[in-house]
Amino acid sequence: RLIRRQRQMCIRDSSRKLLSILLVLCMALTIVPITAFAAGVNYIDKISVTYTKPDYKAGDAPQAAATVTEGECSVAYEYWMEIEQKTEGSVWTSTGRYWYSDSSKMASLAADKQITQFEAGHHYTYNIVLKTNSGYFISEDTSVSAGGHKFDKVACLLYTSPSPRD
């Protein structure tokens with residue numbers, strides 16, 4: 001009886017150890033990003049974009065300046081957006097005027113909504129929109145840098161750089 005009882009205790013202890021190991025493994029798998037299980041999905045590790053410093057003067061016409069130098073993507077288009085601050089210290093908002101490097105987007109704007117040249121006393125932001133190559137995706141782990149600025153988290157494919165113009 002004593003031996004039978006010891007075997008039963010040993011089996012129970014082994015079962016408990018095995019169950020504990022399985023629970024620990026399950027808990028460990030819950031913290032692994034789901035992207036680790038995505039077989040056949042091509043995630044981009046790093047994207048680097050260079051652009052000519054947007055240092056325009058009043059009277060200059062906007063122009064495309066960005067190039068992807070690393071990563072499985074390309075520049076979809078660039079755009080300038082005119083912004084204004086209604087009162088000092090308030091939030092900057094769009095005036096509704098734009099310039100797009102994409103000619104079809106530019107053509108879709110009414111003439112009074114197009115930026116054809118920078119104006120003194122007005123403020124603008126420069127934006128780059130990226131498009132991934134076919135079969136590639138951006139994950140939360142993708143490292144993105146544009147114009148020497150590194151971004152740890154990418155929420156969307158848009159990089160905005162405020163650029164006040166006086």
Side-chain angles (χ1 to χ4, degrees), residues 24-86 90-166:
V24 168
L25 182 60
C26 287
M27 288 179 12
L29 288 175
T30 62
I31 63 171
V32 174
I34 196 71
T35 57
F37 300 109
V41 177
N42 299 312
Y43 287 102
I44 302 171
D45 293 325
K46 184 176 182 182
I47 298 172
S48 296
V49 178
T50 59
Y51 59 89
T52 306
K53 184 179 178 190
D55 190 26
Y56 296 107
K57 307 284 186 257
D60 289 349
Q63 53 188 291
T67 305
V68 174
T69 56
E70 184 176 1
E72 296 295 325
C73 61
S74 60
V75 175
Y77 59 91
E78 301 164 60
Y79 70 94
W80 286 91
M81 176 175 62
E82 185 180 62
I83 57 174
E84 67 183 351
Q85 197 176 32
K86 301 281 186 191
S90 67
V91 175
W92 289 89
T93 58
S94 172
T95 64
R97 295 185 63 222
Y98 297 89
W99 173 86
Y100 290 100
S101 63
D102 180 312
S103 58
S104 64
K105 287 188 179 300
M106 195 65 179
S108 71
L109 295 174
D112 66 329
K113 298 298 181 183
Q114 295 181 7
I115 299 170
T116 56
Q117 65 181 17
F118 296 108
E119 300 174 37
H122 292 237
H123 301 272
Y124 306 88
T125 63
Y126 172 63
N127 305 268
I128 303 169
V129 179
L130 302 176
K131 177 184 176 188
T132 60
N133 294 350
S134 180
Y136 286 87
F137 300 90
I138 294 175
S139 77
E140 64 182 31
D141 297 325
T142 302
S143 169
V144 178
S145 64
H149 303 283
K150 186 172 185 247
F151 301 92
D152 294 327
K153 296 288 181 187
V154 179
C156 62
L157 302 179
L158 178 66
Y159 164 67
T160 304
S161 172
S163 182
R165 303 282 166 224
D166 292 322

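The figures here come from the full heavy-atom set of this structure, side chains too, leaving out hydrogens, waters and symmetry mates.
Looking at heavy atoms from C-beta onward, Ile138 lies in side-chain contact with Ile47 at the 4.5 angstrom threshold. Contact check for Ser143 versus Asp45: no side-chain heavy atoms found under the 4.5 Å cut-off. Considering only heavy atoms from C-beta on, Thr67 stays 4.5 Å or farther from Val75 through its side chain. Counting heavy atoms from C-beta outward, Thr93 and Ile83 have side chains that stay 4.5 Å or more apart. Contact annotation: the side chain of Tyr98 approaches that of Leu109 to within less than 4.5 Å [non-hydrogen atoms, C-beta and beyond]. At least one side-chain heavy atom of Leu130 sits less than 4.5 Å from a side-chain heavy atom of Val68.
In this structure a side-chain-to-backbone donor-acceptor pair under 3.5 Å is missing from Ser145 to His149. Of the possible donor and acceptor atoms, none in the side chain of Thr142 sits under 3.5 Å from a partner among the backbone N and O of Lys46. Checking side-chain atoms of Ser101 against main-chain N and O of Glu78 turns up a donor-acceptor pair under 3.5 Å.
Here the OG atom belonging to Ser90 is positioned 4.5 Å from the CD atom belonging to Gln85, to the nearest 0.5 angstrom. With rounding to the nearest 0.5 Å, the separation of CD in Glu70 from OG1 in Thr50 is 11.5 Å. Between Lys131 atom NZ and Ser74 atom OG the span is 6.5 Å, to the nearest 0.5 Å.
Closest approach of Pro62 and Trp99 over heavy atoms only: CB-CD2, 3.4 Å. The nearest pair of heavy atoms linking Cys73 to Thr132 is CB-CA, 3.7 Å.
For Tyr77, the ring-ring contact (aromatic ring centres under 6.0 Å, His included) criterion is met by Tyr100, not counting sequence neighbours. Scored by the side-chain contact (heavy atoms from CB on, under 4.5 Å) test, Gln63 finds Tyr56 as partners (sequence neighbours excluded). Residues satisfying the side-chain contact (heavy atoms from CB on, under 4.5 Å) criterion with Ser134, sequence neighbours excluded, are absent altogether. The side-chain contact (heavy atoms from CB on, under 4.5 Å) check on Thr95 picks up Glu82, Glu84, Arg97, with sequence neighbours excluded. Partners of Asn133 according to the side chain to side chain donor-acceptor pair (under 3.5 Å) rule, which considers only residues two or more places apart in sequence or in another chain, are Glu72.
The aromatic rings of Tyr126 and Trp80 sit tilted, their planes meeting at an angle between 30° and 60°.
Applying the side-chain hydrogen bond (donor to acceptor under 3.5 Å, both in side chains) definition to pairs two or more places apart or across chains, those involving residues 103-118 are Asp102-Ser104.
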Problem set entry | Residues Asn42, Phe137; criterion side chain to side chain contact (heavy atoms under 4.5 Å, CB included); working and verdict | CA-CA 6 Å; Asn42 299 312; Phe137 300 90; 5.6 Å; no
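The distance between the ring centers of Tyr124 and Phe118 falls below 6.0 angstrom.
The environment of Asp60 atom CG is dense: over 12 non-hydrogen atoms of other residues, nucleotides or ligands sit within 6.0 angstrom.
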